[in-house]
Every structure is written in structure tokens, then in C-alpha cells.
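Reading through the C-alpha cells given below for one structure.
Reminder, nothing fancy here: chain letters follow the sequence lines and each chain counts from 1.
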There are 4 protein chains.
Amino acid sequence: MSTSRIEAFSDGVFAIAITLLVLEIHVPERPEHGLGRALLDQWPAYASYVVSFLIVGIIWVNHHAVFDHLERADRPLLYLNLLLLLFIGLIPWPTNVLATYMHEGGADERVAAVLYSLTMTLMGATFGALWVYASRHAGLLRDTLSREEIATRTRRFVIGAPLYALTVAVALVSAPLCLALNALLAAYYAVPAGGAMLHRRV
Amino acid sequence: MSTSRIEAFSDGVFAIAITLLVLEIHVPERPEHGLGRALLDQWPAYASYVVSFLIVGIIWVNHHAVFDHLERADRPLLYLNLLLLLFIGLIPWPTNVLATYMHEGGADERVAAVLYSLTMTLMGATFGALWVYASRHAGLLRDTLSREEIATRTRRFVIGAPLYALTVAVALVSAPLCLALNALLAAYYAVPAGGAMLHRRV
Amino acid sequence: MSTSRIEAFSDGVFAIAITLLVLEIHVPERPEHGLGRALLDQWPAYASYVVSFLIVGIIWVNHHAVFDHLERADRPLLYLNLLLLLFIGLIPWPTNVLATYMHEGGADERVAAVLYSLTMTLMGATFGALWVYASRHAGLLRDTLSREEIATRTRRFVIGAPLYALTVAVALVSAPLCLALNALLAAYYAVPAGGAMLHRRV
Amino acid sequence: MSTSRIEAFSDGVFAIAITLLVLEIHVPERPEHGLGRALLDQWPAYASYVVSFLIVGIIWVNHHAVFDHLERADRPLLYLNLLLLLFIGLIPWPTNVLATYMHEGGADERVAAVLYSLTMTLMGATFGALWVYASRHAGLLRDTLSREEIATRTRRFVIGAPLYALTVAVALVSAPLCLALNALLAAYYAVPAGGAMLHRRV
């Protein structure tokens, strides 16, 4: 299978998962204190929609950045990518759980945040594994990257899982703080490897 | 990333968001006065489905018209586009809220219309910002447009957010009127910049 | 806009609408007489899923057959296509209504069938209008079709709306018969214009 | 219609069906013994999500492998493919039924597993029929495969339906075992026809 076909299928899953996120924002039913108040009370749904949207969107950007450097794909890479998509496709669910329980407070709120961060950790670990596999196996990567550029990307992508895992620990203390850290992590991956936002090539 | 890839991903989100709109039209449950009557009573759902469908469809047309003039994309443009998609992906939700509360009357109906118009305002503002950014930064736009044509488009796209904001004010008075004005705005953007519907190039 | 882009967007809407149909088949909740019995009792959901799936799939085939003969598109054609997609995107809803009320019997069952047939009629009318517009306006159609072949297609596509409208009348008598006739109509459009199933070109 | 267009449409349905699977994983409502416990109790939902995701993903891989060898498509092939997509699009539903009833035990659990395996059997039978039709009709297949390679694939794809049917029998005894066997079958089809995972071409 050509890498462009894997990309097209992956893009489909990314686009659908990111658009399904909206289903977690509910229509308030029979609000006692007016619709306006009920809408404001739903702030955890908006916050988690925005963070999850940015996470999926930015992974999509990085996914393309990786595939742009791929010469070809073999079956293990194909299945690592399928595993990554399995976690991407899952994201609407922990987002929904977090949106439901974040305004509830108590232990359930923190459990929801743990679930959210755990999903991101697994997703980050799979993304890291995909990159390491691609960069270590002869003939998968093009000659477009220097050894140093490959090393920079390896550091960036391998550190993802431990960083997300750290937010699991934070989730045990505060769900909103955990969500904020997930947003920060997304921002970190939004900036390209070289750091320059105005690069000629995206 | 090539602009064609950004377009393909955006098209996916547009197509999914526009098709998810149908989920806001419910199946009447155990109608007391017959299914026919219950279906007619749901007219706000049909009205908001049609208006939202046209808005998303026409933004899609204009989105392509903009990207057709793009030579390349940089990261800020990429993220402005992601922000636009965040609001596009959101549209099924205010549509659902409006469909639910428009036949209820009272304050909640107007709150729902405000939410609807606010979402469109934010979407319009992001679209305007995306165009302004693209047209002001050297090397992003092709040479296909004259200075005057660029200025025409800037006026058209920058005026979107204030016009949608105006419908927020109308929402405070009447939800159906607000929805009708949103439909009118969609019709305004349906006509191409030059005004001629039978142009050779769409 | 190139016709290939309109096709790609349309394909997206077709693919999503056809896949969303599955959401109308419910998971039986707490069945009194066992899950097996409850699953069998849901036969209207399966029947309407199959018929709607085939209708959307076969329109997709004919949509491509039409666009294959298009040299270019203008704005009216673009908006006729958007209107067609509006009805395609709607199909999961009447399918759901029919699946819910077909085993209920009585007037509601026939109302549901009328809604179903009405949606198909409007969709068929839009498809016919799209073809007529494309074939009557200079420069939209390629030279690949003879006058006679164009006339054959016009007859085929213009007769769609009246035929679907006929099933509205049948819906007033029997919902299952109405659904069966819709399936027959789909079968009629499944056979290509020339009639030969084993044509070299699809 | 070109095979690439059929593939693009099929990819869309595969991508949407695989991403809709997440909708079967519910957000626990008002859990009595805490959210953590309620999340753990949902293990059948996770297990069926993973197995269905892998099955759809791996069919997608094999679907591409088949279409890579197709020179052209005729109408019967097109409709066999549409039938395959009808079952692919259906998969979220039996997955949902199995996820709901697998922790209930008793007869309903086994009925749910039978439904799940039956859907896979029908899907497998259609995939086998599609391959047999393509390989037996002159001019559909390219010259890229030797007679022996064709025979190997025929054996692989024709055996699918009977193997899935076998899991229907197992479903009558144990639902979890049935799900595990479905996962095993997916693993069998994950390995390419030649058996070598590190083939140059995927």
C-alpha cells in the first residue's frame, strides 16, 4: 500500500473523530433556571471540546509531517498506524466522560481526568513508537532529514508519552489543571520541530 | 504541508459537520395527537437544518475560492484554518439547541438564537482573519488576483463578523427573524465576489 | 471550482449519510421476551436500513455517471448539487422515522411511509433538475454523449420524481408495500442507461 | 467508474464505520459505586471496540490489496462492493449489542454474540464473493498475479465465511470466547497472503 493511501484513510479517521467531538456537547433539557444559565454551567463540555479538538488537530499536523518523510510503509508500520487511529478514534469518549464529570467535583471528576490523560498517554506512546519504528528501519525514511534532525524529532516524539503520563498524576489532584496541562502539551507540539512558526514549508 | 492537503482535511470536516446536522432532527416519541401533527410541530428543526446546511455549504464554497488563490500555507494560516474548523465542527450543536427551543417561546428561545448567532459570528470572524492573514503576508497568495479584487474580497469577508453580530442583537427580539437573517447572510455569500452567477469559473 | 472537487465533497456526504444509517438500528433495551425475539421484532429497522442504503448507494453511482460527462460546473449547478446533498443528508431521518413506526401499524405507520417517500421524491426531483440544467446549458456537458443518449438519460432522470411521488400515494395504503416499491425503484436505477450490466465501462 | 473512485468511496465508508464504533462506548450515568468501578464494569465495550476496530481496519487493508490488482470494474463488481459496504456500515450495531449484553450473562449474551458473528459471516461471504467474481471474469484482474497466487488468495478469502460461521457455533457456548476467536481471525487476515510481514510492498 502506498503511503498516500494510508494518509488518506488516516485523514478520514482524524476528520471524523474531530467532528464527532461535538456530539459530547449536549442540549440542556428542561433547565430550571433558564437556558442561559444551563449553557454556562456546561463550561466543562466547551473546555474539553476545545482541548480535544486542538489535540487531534495538532496530531494530524504532526502525522502529516512524519508521513512526508516516509519513502514507503511496511506491514508493522501499517499496524502501528492502525493502533494510533484506534486511540484517535477513541478520544471522543474520554472527552465525553470528562465533560460529564468535571463539574461534578469529588473523586469521579478526578477519575474522568485520569481516563482522559491515560488515553492521551497511550496515543502519544503509539505515535512515538510509530516514529521510532519508521526512523530505525532501513528504507522507510527518505533522505530528506539529517541525522541530527531525526534525533530532534525522536526526542520530541518519544517524550510525549511520559509527559502525558505526568498529567495522569496531576489528574489525581485537579481535573481542570490536568485539562489545562493537556492543552499546554498540544501547544508544545503545535510549534514545528525547528521552532520557527513562519517556516516556508509547513 | 501542501494547501491541497489542508483543503482535503477541511473538506472532510465540512462534509461530516454538514451531514451530522441531520442528527438534530428527532423521531417524535409516542405522539399524542398523531405522528403527522408531531412532525409538523417540529418545523423549527427543519428550518434550522436547512439554514445551517446552507451556511456550512456556502462557507465550503468560499473556503475553496480562497484556497484556490493560495500559493502556499504557513503554520499561522494552518492554525487559523484549524480554528475555523473548530467553529464549523461546532455548528451542529447550536443548531440542535435552536431546533429544541425555537418552538418553546419565551426567554429560552431567544437565548438559543443568541447562541446560534454567536457561533456564526465567531466562525465569520475566523474566516475573515484567515483571509486577511493570507492576503497581507508576502508569498502566500498567488498572482491571480489584482489589488482591487483582493480589496473587494477583504471588504466581503471582513464585514461577515459584524453582520452576524448584528443578528445576535436581532436574536434578543425574535428567534425566527434571527434565523431568517442568517439565511439571508448565507445567500449574500452564495453570490460570488464579482456578482455574476454564470461566471465561467466557479 | 473543478468538477472533481464537487465530486469529492459530494462523495464525502454520500459516504457519511450512508454510514449514519446504522444509527437508526437500536440496541433493544431490557427485552421482556429475550433479546432474540426483540431483535426479530426490529425487522422494519433492517428493511429500511437496506432500502435506504441501496437508494443512497445507487444515487451515488448515478451521480458519478452524470459528473463523468460534465466538462465544467457553474454556480447554479453547484447549488443544485448542494440542494441534492441536503436531501441525501436528510435520508437517515425519514429512515429512522419509518423504522420506528412501521411495526406500530395504524395511521402513524402510513404517515411515516409518506414522509419517507416525500423525501425520496424531493431528492429525485433535485437530481432530475440537476441533470436537465446540465444538459440544457451550453458548455457544461462534454461531447461524449450523442443527442439520443442525452434524451434517454433525460427521460430516465425526469421520470424519477413522479415515480417516487407515486409511492407517496401507495404509502397511504401500506407502508411495507411503499418501502418495497422504493426498493424496486432503486433497482431500476441500478441498471445503467443502456441496460447492459456487463458493459466495459461502469 | 474507475476503480480508484470506488476505492475512495469505500475508504470513506470504512473510515466512518471504524470511527462510529466509539459511539457504542457509553458515559456511565450516576454510578452508585463510583465512576472508576463503573468504567471497569464496561470492559465488554472496550473489548468489542478493539476487536471490531481491528476487523474493519484489517478488511480495509485486504480490500486495498484486492483493488490494487484490479484493472477495471463492471457493474456486478460495483454492487458486490456496495453489498460489502452495507455489512461494513452495519458493524457498529452488532458491536453495540454485544457491548451491551456481554456482561449480562445468560441467553441474551449468547444471542448478542450470535448476531455479532453472523454479521461478520455475511461480511466475509461478500468479501469472498467479490474476490471470486473479480478473479473469474476476464479482464477485471491485472496480470500482476500468477495463477498460483490467485489460487492462494481464493483459498484465503473463500475460507473466511465458513470460519466466521464457526464462531457462530462458539457463540452459542460462550460470548467472550466467540469475541476472542473473531480477534484471532482478524489476526489471521492481518498477515499478508505470502506470510512475510516485512515484504517490500504492503
Heavy-atom cut-off 4.5 Å, strictly under: side chain, backbone, both or neither for [X] against chain A?
X: D:F14; value: both
X: D:R30; value: backbone
X: D:E7; value: side chain
X: D:I16; value: both
X: D:L23; value: side chain

Is chain D contacted by the side chain of A:A107, its backbone, both, or neither, given a heavy-atom distance below 4.5 Å?
->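 The answer is neither part of A:A107.
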Of the backbone (N, CA, C, O) and the side chain (C-beta and beyond), which part of A:A99 lies under 4.5 Å from a heavy atom of chain D, both, or neither?
->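 For A:A99, there is no contact with chain D at all, as no heavy atom is under 4.5 Å.
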Smallest separation among heavy atoms of [X] and [Y], with atom names:
X: A:G89; Y: D:T19; answer: CA-CG2, 4.4 Å
X: A:Y79; Y: D:I58; answer: CE2-CG1, 4.0 Å
X: D:F53; Y: A:L82; answer: CE2-O, 3.5 Å
X: D:Y49; Y: A:L90; answer: OH-N, 3.3 Å

Ion pair check, A:R5 and D:D68, cut-off under 4.0 Å = yes
Mind checking whether A:W93 and D:Y46 have parallel, tilted or perpendicular rings, split at 30° and 60°?
->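 A:W93 vs D:Y46 ring planes: tilted.
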Pick whichever of D:P31, D:A38, D:A8 has the most heavy-atom pairs under 4.5 Å with chain A.
->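 Between D:P31, D:A38, D:A8, the count favours D:P31.
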Return yes when atom CD1 of A:I159 has more than 12 non-hydrogen atoms of other residues, nucleotides or ligands closer than 6.0 Å, and no otherwise.
-> no
When you look at CZ of D:R136, are more than 12 heavy atoms from neighbouring residues, nucleotides or ligands closer to it than 6.0 Å?
-> no
Verify side chain to side chain contact (heavy atoms under 4.5 Å, CB included) between A:V97 and D:L35, making sure each step is shown before the conclusion.
-> CA-CA 10 Å; A:V97 173; D:L35 178 60; 4.1 Å; yes
Any side-chain heavy-atom pair from D:I18 and A:L85 closer than 4.5 angstrom?
->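 No - every pair of side-chain heavy atoms lies 4.5 Å or more apart.
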Between atom CD1 of A:I6 and atom NE2 of D:H64, what is the distance when rounded to the nearest 0.5 Å?
->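 Rounded to the nearest 0.5 Å, the CD1-NE2 separation comes to 9.0 Å.
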Full working for side chain to side chain contact (heavy atoms under 4.5 Å, CB included) between A:V111 and D:L39 | CA-CA 9 Å; A:V111 168; D:L39 288 173; 3.9 Å; yes
Before giving the answer on side chain to side chain contact (heavy atoms under 4.5 Å, CB included), spell out for A:R75 and D:V61 the whole-Å C-alpha distance, their side-chain angles and the decisive distance to 0.1 Å.
-> CA-CA 10 Å; A:R75 285 254 168 169; D:V61 171; 3.7 Å; yes
